[in-house]
Amino acid sequence: MAGNAAAIPHRWGTRLSDAPSKNVNLALQGGGAHGAIVWGVVDRLLEDGRLRVEAISATSAGAMNAVSLASGLAKGGPDAARKTLHEFWYAVSQLDVMFDLLSRWNQWLQALKLPPEYHPYHAVIHTLTHTLPPNLINPFNFNPLRDVLLKTVDFERLNHSPAPHLFLNATNIRNGKMKVFETPNISVEAVLASACLPPYFQAVEIDGEHYWDGGYLGNPAIFPLIYRRGAKDVIIVQVTAITRDEIPTSAADVLHRITEISFNSSLMREMRAIAFATGLIDNGELDQTKHSRMFMHWIGNDRLMSELGTGTHFHPEWGLLCRLRDAGREAAAKWLDQHFDDVGVRSTLDIAKMFL
């Protein structure tokens, strides 16, 4: 495993600007280990110091970034938030030892000279998850992320902190509706529900209802940030690639692209609705005193995310996590340089070009 817990490219305790802060909301996507790019974006925004996060809507790995950020802010402000995020992702990287068995399977399959698409992530796991129910694949309902979250996140403190307000998205299995868990009622179970992929984990039960990953209905949901009628600016931090230059050909790549499209579909629809409402407000057809005109922003690296292998979602190797963190920091720095002055003034996201 590359690197160590102290391997960071920047110092904590540094605020790059003393300019007055602007209030914003964050919308954090999920994406397994790829969610480390969100860590990098948030880390750079905290280091810059000119944005104050009022509220966060987040799903899956985004939810884990959100609670780590909120817990750190509640403990000791931006500096503590950056440390908590680092501690969380380093702890996640230690779980990579769970994939040693898969590596052994991979060596065995390579010895059989099977085609590349029969990598264990796509052959062994795919076969198991499409033939066995979760209670047989994971009979003891083991989720190592529970211990990581409990060790790094202070749920009591984040629930009683004035900001940021958290909205964590999950999918109610029974009624097919989105469930939004929010402070002051965020628990470790709510975070795990938001990140519960049904092939690998049993559904998370909370108050008699059962939940799966929130990405099916909101990755992430934007409407909670609009309905709360607070800060007008929403920064979407994207993980899942929207655009790919090449058509997938292998079975594994086809399935991966289907998943990407599915997990972006809810965001696509919501952005279309936001664009429609914004047009009505700008044309005077909706009362601006009753309907919020939101300023939408976007930070991500679509090209990098589209180049990552299909198996890396579930392979939190420290070197990969650091690479994604650094890419997120770079994307956030570029966005701040180009668009900080636009915050509170105008949208910097071309919704039509990216989502419609």
- Which atoms form the tightest heavy-atom contact between Pro164 and Val53, and what is the distance? CB-O, 3.5 Å

- Between the main-chain N or O of Leu85 and the side-chain N or O of Ser68, is there a donor-acceptor pair closer than 3.5 Å? no

- Note on the structure: Output for pair (Lys22 NZ, Asp341 CG), nearest 0.5 Å, gives 5.5 Å

- Item | Side-chain ion pair, Arg244 and Asp302, N-O less than 4.0 Å | no

- Query: Between Trp335 and His297, what is the ring plane arrangement, given parallel below 30°, perpendicular above 60°, and tilted in between?
  - Reply: perpendicular

- Item | Test: Arg50 cationic atom under 6.0 Å from Phe340 six-membered ring centre, within 45° of axis | yes

- Task: Decide salt bridge (Lys or Arg N to Asp or Glu O under 4.0 Å) for Glu189 and Arg146; before the verdict, give the C-alpha distance in whole Å, the side-chain angles of both, and the deciding distance to 0.1 Å.
- Result: CA-CA 8 Å; Glu189 296 303 316; Arg146 177 182 280 104; 3.0 Å; yes

- Message: If I compare all heavy atoms of Thr84 with all of Gly72, which pair ends up nearest, and what's the gap?
- Response: OG1-CA, 3.5 Å

- Note on the structure: CZ (Phe155) and OG1 (Thr183) are apart, to the nearest 0.5 Å, by 12.0 Å

- Query: So, do His86 and Trp318 have ring centers that fall under 6.0 Å from each other?
  - Reply: yes

- Query: Is Thr59 reaching over with its side chain to a backbone N or O of Gly215, donor-acceptor style, under 3.5 angstrom?
  - Reply: no

- Task: Before giving the answer on side chain to side chain contact (heavy atoms under 4.5 Å, CB included), spell out for Tyr211 and Thr171 the whole-Å C-alpha distance, their side-chain angles and the decisive distance to 0.1 Å.
- Result: CA-CA 5 Å; Tyr211 299 97; Thr171 300; over 6 Å; no

- Minimum-distance pair of heavy atoms, taken over all atoms of Met178 and Leu217: CE-O, 3.1 Å

- Nearest heavy-atom pair of Arg329 and Arg44: which atoms, and what distance? O-CG, 3.5 Å

- Task: Ignoring hydrogens and angles, tell me if any N or O in the side chain of Asn159 forms a donor-acceptor pair with the backbone of Asn185 under 3.5 Å.
- Result: yes

- Pairing of Arg157 and Asp154 as salt bridge, 4.0 angstrom limit: yes

- Query: Looking only at atom types and distance, does a side-chain atom of Asn264 sit under 3.5 Å from a main-chain N or O of Ala241, one as donor and one as acceptor?
  - Reply: yes

- Answer yes or no: are there more than 12 heavy-atom neighbours, outside Glu246 itself, under 6.0 Å from its atom CD? no

- Task: Please name the pair of heavy atoms, one in Trp89 and one in Gly32, separated by the smallest distance, quoted to 0.1 Å.
- Result: CH2-O, 3.9 Å

- Message: Within a 6.0 Å radius of atom CD on Glu330, are there more than 12 heavy atoms belonging to other residues, nucleotides or ligands?
- Response: no

- Tightest non-hydrogen contact, residues Ala203 and His210, listed as CB-CB, 4.0 Å

- Query: Okay, side chain of Glu54, backbone of Ala231: is any donor-acceptor separation there less than 3.5 Å?
  - Reply: yes

- Query: About how many Å separate CG of Leu149 and CG of Leu192, when rounded to the nearest 0.5 Å?
  - Reply: 6.0 Å

- Task: Begin from the C-alpha positions of Leu158 and Leu73 and carry the test side chain to side chain contact (heavy atoms under 4.5 Å, CB included) through to its verdict.
- Result: CA-CA 8 Å; Leu158 74 83; Leu73 288 174; over 6 Å; no

- Polar side-chain atom of Asn172 near backbone of Arg174 as donor-acceptor pair, under 3.5 Å: yes

- Task: Evaluate the side-chain proximity of Leu26 to Leu69: yes if any heavy-atom separation is below 4.5 Å, no if none is.
- Result: yes

- Message: Between Lys179 and Glu209, does any NZ, NE, NH1 or NH2 come within less than 4.0 Å of an OD or OE carboxylate oxygen?
- Response: no

- Task: Just do the side chain to side chain contact (heavy atoms under 4.5 Å, CB included) check on Phe223 and Val180 with the steps written out, would you?
- Result: CA-CA 10 Å; Phe223 71 86; Val180 179; 4.0 Å; yes

- Message: How long is the straight-line distance from NE2 of His315 back to CG of Leu95, given to the nearest 0.5 Å?
- Response: 12.5 Å

- Less than 6.0 Å separating the ring centroids of Phe167 and Tyr227? no

